[in-house]
Each structure stands twice: as C-alpha cells, then as structure tokens.
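Worksheet: the structure to be examined is printed underneath.
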Amino acid sequence: MVWRRTAYANRTVSASGVSSFHSNGKELPVRKKRIWVALAACVSGLLCRPPIQVSAQDGELVLLLQKYDEYQKSFSMIETVEDIEENGYDIIEDQSFSVLLETFGQEEVTFIPIMERKYQRLAVLIADSEGKVLYKTDQLETNYKYLEQLEQPTTGIAAVSFQDLNDDGLTDIVLITTCENSTGDYAGMPYKVGDVLFQQEGTFYRDWRVSDKINRFSMNKSVEFIMAYVRDGVSTEVLYTAATLQELLDNGFEIDDEHCQTHSFEKQGKLRLVPGIFSIAEYDVFMIYLVNEQGYIVWSFQPMGEYENLYSLKGIACKDLDGDGMKDILVLARYSYEGPEGELLIEMKCSVYYQRTDGFEADTDFCGTCQEEDRVKLSAWIKVIREYWGWTKEE
C-alpha cells in the first residue's frame, strides 16, 4: 500500500476499498455526482426517496431504485427469526450469540447476523427468547463499499465483540467483516471492514465519523485495534496525515535507525528513507516514509497491508528492479496475525514499490512468484524480480 501525501487531501483511498465520489482519480461529472449523492443518502436511510427527478435517459438509475425498494420490502418483512430464510437471507450461525444487552431487559437476547443471498448485504438482528425481532439494521459500513450498486463485496464476519466503548454502562457491539473486491487492481485480495453499534434506549446507532476513521486509517484489523481507538482514544491517523517527520515523532512514532537510508531518487531528488513503528493495543504498525532535507514527508508506504503486527523487519533495498534506470524500493519483513482459532500465525511478505516519473507505484502481481526457499534474503528477491522484468545486473 502506498500513500501519496499531496493526493491525500483529496481523500485518496487505500487498497481496502473505502469509497469516494472519484473514479480512477477523476471527479464524476456534476450531474452524475449529484445523482449518486442523492442515491447514497437514500440508501443510507437519511431519506425515504431520493430528491431527484429522473427521466427516460436515467433508466439504469430507475431500475436500481426499484431493486432497492424490493430489497427494503423483503428486509422490512423480517419480524421473527422464522421470517429470515423466506425473505432471502441466511443466518451466519457461527457468529450468533446470546448476550445481555441492558436496555432490552434482564433476560439474554440473541445477536443474529444475516446475509442477503442475492446482493451479499449484511444485516444484524436482536431477537428475544421466543424469536421475535426486537431490533434490526442493515445500515452497516460493510454495505457501502460499492456506493453505486446493491451488490456488495462482503464475504463473512471476522469478529464480533460486546464491549462498553463509550463508558455509558451499556454494552456496544464491535463488528468486523471480511470483504473481497471482484474488480480493480486489488481484486481477489481480502480485507476487513470495522464498525461499531452503540447501544442506546432499546436500539443502536452508528457514528459514521467513527466508522470512517476506523477504516480509513487501518484500525479495522482486530477488535483490540477498534477498542484502542474508540474507548481509549489512541489513533493511527497521524501516520497518514502528518506533514513532517517531527510531527510523527511527537505522536509516538519510533524510528528504526538500523534500516534508515539516504538516496538520490532520480525523479524525486535526495530523500531519507525512514522506517519505523507506531504501537497501538499490543500491535506494532509498520510504516515507511520518504523525507526531504527540510524534514517534510514526501511519500509514505504501509507494507504490512492487512496484517495486524510487524513481527520482524528483514531488510530494505533501494535499487533499480525493473530496469528503467530509477531506484525502486523493496521491503522484506515478517508479519503476524491471529488465526481462526486464535493462534498466532507468522508470514513473510515482500513489498515492492516502483519509482515512476510522478512518484511510486505499488506492485500488485509479482509477490508470490518467488520460491519458498528464496524468501530469506534480499539478494534472492532482487534477483528474482529482475529476472521477472527480463534483465539482470551484477551488484
């Protein structure tokens, strides 16, 4: 994952798929943008009908609205647990739990996540002991990865936790889903989406600003990440918004001096490569920055991607890898994450960033072509990558 500092102000988004009203870096035409803003407001439950006038030329939009109405009608008909299947949903059995939620009374209720079969839209229900639905919602962050369509990339639930996050004495719900885009540069690469439902007087509400920051700043990888941000106020936001290296240091970023390097990057000038970690909830978030001679951050990278923790950094090389005469960046590290049974899993990952005339481009299809026995030394990776691009060079 690579972040360009100048593009971030325009809400450039990460590989995890946070959506915006931009298409391939170009802003949508004003008319289309207004239509989709209105539609997004409708779908999010802010309006009953979109405040737009449609014509014969907007046939696709009309069809989409009709499908959404049908979807909403089916969802509204779920009043008991027995209504779930006949209205097009499947219960996610292994993530259903009995829990005491204070404003629903003194008896335990059941948290039931359900998935709509046709569009892969997730919803959550709270049902009593007799199967009556006391609360339901489909207004979840995971249902808005594709703003312009009903079908969503949600594939399942990674974690559910019940915690009091805002210190009001009421149990809130932390929800982490797994998603996988079907198109785009990162198609087929799973990622997580975090969300929090705050309990209040027999219902729940979402704070979209909280959900936005959880996912925009990669705090969606585990329940512990989300709790550290929402409950304790520790945020990784500074890792993506800091303008200077000093700002990072002032907010707890720790530099790995052993792997710092200074190079003349042909199109970018003389820059210092600064790797380091930011600790949050027992995890070390690994970042790399390119800093100019005045101390300003020019580019930043997050090689760990969807992994939860940096286990060990094996090395960083700044060399021409693709034969275009410009220095690229290769990062080799071990990362850890929690397995399905709660076990600690560790994997080696190679990340490659190619220098281009306007910055750096993350490799999306090379990693994985190297044989397992070669995944221990930078020199082996350099050799394989150069062979991949059809050239070799003696060091």
Using a cut-off of 6.0 Å, state whether more than 12 heavy atoms not belonging to [X] lie near its atom [atom1].
{"X": "K383", "atom1": "NZ", "result": "no"}
{"X": "W391", "atom1": "CH2", "result": "yes"}
{"X": "Q294", "atom1": "CD", "result": "yes"}

Taking [X] for its side chain and [Y] for its backbone only, find out whether a donor-acceptor pair lies under 3.5 Å.
{"X": "R272", "Y": "G295", "answer": "no"}
{"X": "D284", "Y": "Y311", "answer": "no"}
{"X": "K213", "Y": "M219", "answer": "no"}
{"X": "E102", "Y": "L170", "answer": "no"}
{"X": "T110", "Y": "I112", "answer": "no"}
{"X": "D90", "Y": "M115", "answer": "no"}
{"X": "R206", "Y": "D195", "answer": "no"}
{"X": "T155", "Y": "T178", "answer": "yes"}
{"X": "D212", "Y": "W208", "answer": "no"}
{"X": "Q302", "Y": "M304", "answer": "no"}

Min side-chain heavy-atom separation [X]-[Y] under 4.5 Å:
{"X": "F286", "Y": "D256", "value": "no"}
{"X": "F217", "Y": "L239", "value": "no"}
{"X": "D138", "Y": "Q72", "value": "yes"}

So Y89 and Y71, would you call those rings parallel, tilted or perpendicular, with 30° and 60° as cut-offs?
->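 Rings of Y89 and Y71: tilted, as their planes differ by 30° to 60°.
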
Determine, for [X] against [Y], whether the closest basic-nitrogen to carboxylate-oxygen distance falls under 4.0 angstrom.
{"X": "K132", "Y": "D128", "result": "no"}
{"X": "D328", "Y": "R386", "result": "no"}
{"X": "D207", "Y": "R209", "result": "yes"}

Contact summary for [X] and [Y], nearest pair of heavy atoms:
{"X": "I157", "Y": "P113", "result": "CD1-CB, 3.4 Å"}
{"X": "A158", "Y": "Q95", "result": "O-NE2, 4.4 Å"}
{"X": "G105", "Y": "L100", "result": "O-CD1, 3.6 Å"}
{"X": "L245", "Y": "I297", "result": "N-CG1, 4.0 Å"}
{"X": "S351", "Y": "P303", "result": "OG-O, 3.4 Å"}
{"X": "F198", "Y": "D172", "result": "CA-OD1, 3.4 Å"}

Give the C-alpha distance, both sets of side-chain angles, the deciding distance and a yes or no for side chain to side chain contact (heavy atoms under 4.5 Å, CB included) between I385 and D363.
-> CA-CA 11 Å; I385 294 173; D363 176 275; over 6 Å; no

Picking from H263, Q355, E266, what satisfies side chain to side chain donor-acceptor pair (under 3.5 Å) with K327?
->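 One option only clears the test, and that one is E266.
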
Which residue, K221, E306, E343, E347, forms the side chain to side chain donor-acceptor pair (under 3.5 Å) with Y337?
->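 For Y337, the side chain to side chain donor-acceptor pair (under 3.5 Å) check succeeds only for E347.
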
Report yes or no: do [X] and [Y] form a side-chain donor-acceptor pair below 3.5 Å?
{"X": "Q152", "Y": "Y144", "answer": "no"}
{"X": "Q200", "Y": "T103", "answer": "no"}
{"X": "Y191", "Y": "N220", "answer": "no"}
{"X": "T154", "Y": "T177", "answer": "no"}
{"X": "Q163", "Y": "S161", "answer": "yes"}
{"X": "D324", "Y": "Y354", "answer": "no"}
{"X": "D250", "Y": "Q246", "answer": "yes"}

Step through it carefully: locate the ring centre of F360, locate the ring centre of Y353, and say whether they are under 6.0 Å apart.
->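 No, the ring of F360 stays outside the 6.0 Å limit from the ring of Y353, centre to centre.
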
Run the ring-centre check on F278 versus F253 and record whether the distance is less than 6.0 Å.
->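 No: the rings miss the under 6.0 Å criterion.
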
Under the criterion ring-ring contact (aromatic ring centres under 6.0 Å, His included), which of Y229, F225, Y335 is the partner of Y283?
->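 Testing Y283 for a ring-ring contact (aromatic ring centres under 6.0 Å, His included) against Y229, F225, Y335 leaves exactly one candidate, F225.
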
Going from OG1 on T203 to CG on L101, what distance comes out if it is rounded to the nearest 0.5 angstrom?
->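 Going from the OG1 atom of T203 to the CG atom of L101 covers 11.5 Å.
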
ILVMFWY cluster, V160 and L122 together (side-chain gap under 4.5 Å) |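 Yes, V160 connects to L122 through the hydrophobic network.
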
